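Shown below is the structure under consideration.
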2 protein chains.
Amino acid sequence: MLFSATHFSRISLSDHYVVQCSYHKAFVVYAGCNLVLAAAAAALCAYVAPAAAGSGIPEVKAYLNGVDAYSILAPSTLFVKIFGSIGGVSAGFVLGKEGPMVHTGACIASLLGQGGSRKYHLTWTWLRYFKNDRDRRDLITCGAAAGVAAAFRAPVGGVLFALEEAASWWRSALLWRTFFTTAVVAVVLRTFIDFCRSGNCGLFGQGGLIMFDLSSSVPAYGTPDLIAVIVLGIVGGIFGSLYNFLIDKTLRTYSIFNERGAPFKILLTVAVSLLTSCCSYGLPWLAKCTPCPPDAQDQCPTIGRSGNYKNFQCPPNQYNDLASLFLNTNDDAIRNLFSGGTDNEFCLSTLFIFFIGVYCLGIVTYGIAIPSGLFIPVILAGASYGRLVGTFLGSLSKLDKGLFALLGAASFLGGTMRMTVSVCVILLELTNDLLMLPLVMLVLLVSKTVADCFNKGVYDQMVKMKGFPFMEAHAEPYMRNLVAGDVVSGPLITLSGVERVGNIVHAIRLTGHNGFPVVDEPPFSVAPELCGLVLRTHLLVLLKGKRFTKERVSTGAADVLQRFGAYDFAKAGSGKGVKLEEIDINEEEMEMYVDLHPITNRSPYTVVETMSLAKAAILFRELGLRHLCVVPKTPGRPPIVGILTRHDFMPEHILGFFPHIKHHG
Amino acid sequence: MLFSATHFSRISLSDHYVVQCSYHKAFVVYAGCNLVLAAAAAALCAYVAPAAAGSGIPEVKAYLNGVDAYSILAPSTLFVKIFGSIGGVSAGFVLGKEGPMVHTGACIASLLGQGGSRKYHLTWTWLRYFKNDRDRRDLITCGAAAGVAAAFRAPVGGVLFALEEAASWWRSALLWRTFFTTAVVAVVLRTFIDFCRSGNCGLFGQGGLIMFDLSSSVPAYGTPDLIAVIVLGIVGGIFGSLYNFLIDKTLRTYSIFNERGAPFKILLTVAVSLLTSCCSYGLPWLAKCTPCPPDAQDQCPTIGRSGNYKNFQCPPNQYNDLASLFLNTNDDAIRNLFSGGTDNEFCLSTLFIFFIGVYCLGIVTYGIAIPSGLFIPVILAGASYGRLVGTFLGSLSKLDKGLFALLGAASFLGGTMRMTVSVCVILLELTNDLLMLPLVMLVLLVSKTVADCFNKGVYDQMVKMKGFPFMEAHAEPYMRNLVAGDVVSGPLITLSGVERVGNIVHAIRLTGHNGFPVVDEPPFSVAPELCGLVLRTHLLVLLKGKRFTKERVSTGAADVLQRFGAYDFAKAGSGKGVKLEEIDINEEEMEMYVDLHPITNRSPYTVVETMSLAKAAILFRELGLRHLCVVPKTPGRPPIVGILTRHDFMPEHILGFFPHIKHHG
């Protein structure tokens, strides 16, 4: 969908009238265009929004788990994600636009959930209704679903992606909401496609809602085919987990380089861009020219437009099969690999070179400082691998080579991303062939099972590498032998029901805690008892209101209701709330009192200190908590032992307490 | 898939050589065959397993919510469900086999989860690993998914059905397991279909994995079409909610009749069978004969086999369009309605009569004492409604009439069942046409939204009518004004950490409680404190072991581990555990003591009595609890206030305490 100078330069290259010596000039133009685009995208990313680099799916996944990392969903990230992605795809890198589109969708949703952007003067009052954790989380889930739906033109696949990969909490209302979102995406896409089909958009918007139509090939398969498919799945799973392993190593290596500053990021991107240009221009010279098949459905050779059968350096009526893959847009290369009824189009060596090239380029490309998705490189590598296996097996299996390419892509997707249902539906929606459903399911299950033996899914791996405190859905086995009281880390700072302003300011200034337990003491209760939990953000809003009293008396809720509006305590955008520095409290006010009862959550979830840590972790995770109060088992002690936050459940934290426990992460 | 005498009698009826007077004889044979099959199915159901009547989806849904009603998943229910369903479908009723297949799948899964059936001497030792609540629940979810996958030949639809309608708790491992199950179903189905295609199975197994292939019709639609589709969705939603309303009324009326005993159940079934036979044989006489279209793809008229264009009473080369719908299998009728490129096959009056007939027959049929699914009647009524609207609009919309039928079916499914993603995917898998995806999504969303204004989904309605204590995913608004202590109902029976056997026996005999709090008292603790929760089933197993002591001493876990095996405390099948009557305890033993600590759950989830009831309800629901301990806020009182069970969260229970609260159920 994204066309650029590169695209046109490729087309002009396939013109066979250029004379030998001008090939060098052509390479300079081609590599130069790629380099400029890559450098521009990298510069945007390095200087404006470093958070926009990479896929974005791990960040969205972490956000939906409750991790609100810095500027992940900021408007600047959105801007760089869109334009950086256009630059990166146009620069001819082996990367996709799917991950960035998911991130883009999430950013737009977050912007809506914050009530627009105050910084850029884009605010809408009615959006304040979404200013709470749950609605914002729902919106961002819908945004992620819309991203996949738009990227693959797969509305149902988008819903399932949000369910299977993105969301940590799911409820039936969310299913219905994501489905509505993707339905709207489908209708809008369809309208634009219909509009563009009538020739209003130039080269944009070619193709329909089905990207790679395979529906002509009707598979009929027997036992040997099934065995071939299972073997394909096993090997695909191994290659997929190897891909994850290598990406992890590359990212760690790159991070040493990237940490040195923005110029180094751009330098790395430029180097990878040059490597990519050399590969895609240089490697096709290794392939021999093939005569055009007499029964080709496409034009052969294609000159001056995108498509199959690239002429490259060949004489008329011949094509270079490696150029048809390498010197092409990624979408067209996938379409060529998936195409049915073209069993002899690519020879074995071509597929082998392309597979190795794309596999390695995909690994070295991910991690450079531009928005880059993983779906397209994995599908490209998988499709070439599948077609390679299909061609290698030759007469042993009667299945179409295009179908083999599809199954290979499925096996790689299963092996790297470990998604099953969503990948299956996305592939079906991409290829419009429901008859191959059993085979796709089989290959996905096999490859996922095999790959799960070696390592985690690629997104889980990145979430871990980025250090996000991600709460897993299950409790770790060693947690069963610990109790909640074991991992509470001090010092605990409690506030009184009616507290001196100075104490609140000190508590906020000295700690980074986001929640403080409120304890009622005599004369407000008979004995000290846990009243509830108060949030840092709410304390700041209350302090800013400055309704303090000289005496230590409970003023009740009426006063707060009078002073504050319904949405003053609503959740602000990340990093947008009231800050302590903004509040000017003088010495006299510091000695005054404020009643915390009206803003205290009187029903915090609590566990007894002897509760199994595993059960506390499940409570924390299933209810999506941020704070869990630990209360003492026996009376006669202070009414609260401590507060558990998500950091207290992280293996690193627990293993700090108990170094003898072994953790297999 | 289910063929029978009825089927053959129908085929012979379409033979045009029968003379006029023999039509009466034909009716007697036709109605007689139907009646015998219906009576046999009803007798099986009424005498062997009354739980097998109806769809079974509400029961499965309730089970997965934690409601283990009597003999819902028993082997006898399984048997009757299979053979009763065959009888019912063969008897020509307007009912489906989908609901029963879901129930069948769940029954088989439950049988595996119980380690087989001891009663029928089918046990496997290795299945004991599934003998716990969670694994059994997972297995039954997979069984339900397999049922839908097999009924509609829709593997992905099955997964989504399990997610959207059946399951109350969902986790990513379950997605993967249901997907595996339905993949196996797809491969097995495919193998059987391929085997049967070579002519080994007679009339069985016709058709492929796609039941109603629509892929020929490529829709291109404009704004008027979109408006037509939205109107179709609105009216479909209204008809769908009306269907739910009428089914509810019919079920309530029938239940008065059915409660009077098995003979009355059979009588009702016979009456409905006669009504159905009269309609399907009598109504086609109202339709005029139509000349066969010259360009018909099917044979016209079809004689001696299933298919389109039934000859009925017409002269050669003509067909009766109403007979093609009524006097046909339900599957073929749907196929005829969905068929594309046959815009003039059915005239307006025919569709109108069929729509009214099927709509009413569907309502009166559900509720009789045979296994009966709701999908097929709803799809039939919806498809005829859609085709009726399509034919009525005529030239206003360019969409194919078969597509209108599909959209009509979608609107009815959305209006009655209120499922979105799963119905969408099931319809896509049934019809193999991804290009109409945006339209199907749109119509589903519109009809569900409209119908939600009037009443609940049909399965939710039935769950409520059957009186299952179903825990909703959200807390009711009035719960926010109550606290957990408000709804605790007494008297509370607590056990000591080391308890007299007599007390335990009394507690079990006198109450129906399934969980008892265990309180440690001096000398086992300094002050009385809550030790944990012990389950009735575990107490019974412990009593059966008879390891009692004369003195009140703690024996510790070693003794229990020595006496009992790892799976003695595993969850037994419903109603299969140790019973109090089986344990023979003499007077002397009644005075002895037993240590409950080893079998006590030391980490029960607790809430403080002042916790908001809404938050307690969410804790209860999200963690899938059966017991929730309520502890006192202030020290110096007994360490436990009461136990909340799912019954305590039911509106009926709460409104009994607080009659002034208004509940809009």
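Numbered from 1 within each chain, the chains take letters A, B, ... in sequence-line order. It should be emphasised that the depicted structure is a prediction, and the values quoted were computed from it without experimental measurement.
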(request) Please examine the side chains of B/Glu529 and A/Val608, heavy atoms only from C-beta on, and report whether any two atoms are closer than 4.5 Å. (result) no
(request) Answer with side chain, backbone, both or neither: which region of A/Thr606 has an atom nearer than 4.5 Å to a non-hydrogen atom of chain B? (result)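 For A/Thr606, heavy atoms of backbone and side chain both lie under 4.5 Å from chain B.
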(message) Restricting to non-hydrogen atoms, name the atom on B/Ser603 and the atom on A/Lys615 that form the minimum distance, rounded to 0.1 Å.
(response) O-NZ, 2.7 Å
(message) So for A/Thr191, is it side chain, backbone, both, or neither that comes closer than 4.5 Å to the heavy atoms of chain B?
(response)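 Neither part.
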(request) Please flag which part of B/Thr449 lies under 4.5 Å from any non-hydrogen atom of chain A: side chain, backbone, both or neither. (result) both
(message) At a 4.5 Å cut-off on heavy atoms, which part of A/Thr182 comes close to chain B: side chain, backbone, both, or neither?
(response)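 Contact with chain B is through both the backbone and side chain of A/Thr182.
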(message) Can you tell me which of B/Val526, B/Val156, B/Val607 forms the most heavy-atom pairs within a distance under 4.5 Å of chain A?
(response)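 Of the candidates given, the most pairs with chain A belong to B/Val156.
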(message) What part of B/Ser525 gets within 4.5 angstrom of chain A, counting heavy atoms only: side chain, backbone, both, or neither?
(response)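 Interface part for B/Ser525: neither.
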(message) Which one wins on heavy-atom pair count under 4.5 Å against chain B: A/Leu530, A/Val421, A/Leu623?
(response) A/Val421
(request) Pick one of side chain, backbone, both or neither for B/Thr610, based on which atoms fall under 4.5 Å of a heavy atom in chain A. (result)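 Only the backbone of B/Thr610 comes within 4.5 Å of chain A.
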(message) Using 0.5 Å steps for rounding, measure from the OG1 atom of A/Thr420 to the CZ atom of B/Arg177.
(response) 12.5 Å
(request) For residues B/Trp176 and A/Glu164, determine if any side-chain heavy atom of one lies less than 4.5 Å from a side-chain heavy atom of the other. (result)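 No, side chains not in contact.
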(request) Mind checking the OG-CG spacing from B/Ser612 to A/Asn601? Nearest 0.5 Å is all I need. (result)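 Answer rounded to 0.5 Å: 9.0 Å.
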(request) Check the surroundings of atom OH in A/Tyr605: do more than 12 heavy atoms from other residues, nucleotides or ligands lie under 6.0 Å from it? (result) yes
(request) Could you check B/Val184, B/Val187, B/Val185, B/Leu189 and say which one makes a side chain to side chain contact (heavy atoms under 4.5 Å, CB included) with A/Pro438? (result) B/Val187
(request) Taking atom CZ of A/Arg637 as the centre, report whether more than 12 heavy atoms of other residues, nucleotides or ligands fall under 6.0 Å from it. (result)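 Counting other residues, nucleotides and ligands, CZ of A/Arg637 exceeds 12 neighbours.
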(request) Look up atom CG in B/Leu428 and atom CG in A/Leu428, then write down how far apart they are to the nearest 0.5 Å. (result) 10.0 Å
(request) Tell me, for A/Pro604 versus chain B, whether the close heavy atoms (under 4.5 Å) come from the side chain, the backbone, both or neither. (result)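 When you check distances to chain B, only backbone atoms of A/Pro604 fall under 4.5 Å.
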(message) If I take atom CZ from residue A/Arg153 and atom CG from residue B/Leu437, how far apart are they, to the nearest 0.5 angstrom?
(response)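 It is 14.0 Å, given to the nearest 0.5 Å.
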(message) Does any part of the side chain of A/Val159, heavy atoms only, come nearer than 4.5 Å to the side chain of B/Leu160, both counted from C-beta?
(response)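 The answer is no; the side chains never approach within 4.5 Å.
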(request) Examine whether an atom of B/Glu622 lies under 4.5 Å from a heavy atom of chain A, and if so say whether it belongs to the side chain, the backbone or both; otherwise answer neither. (result) both
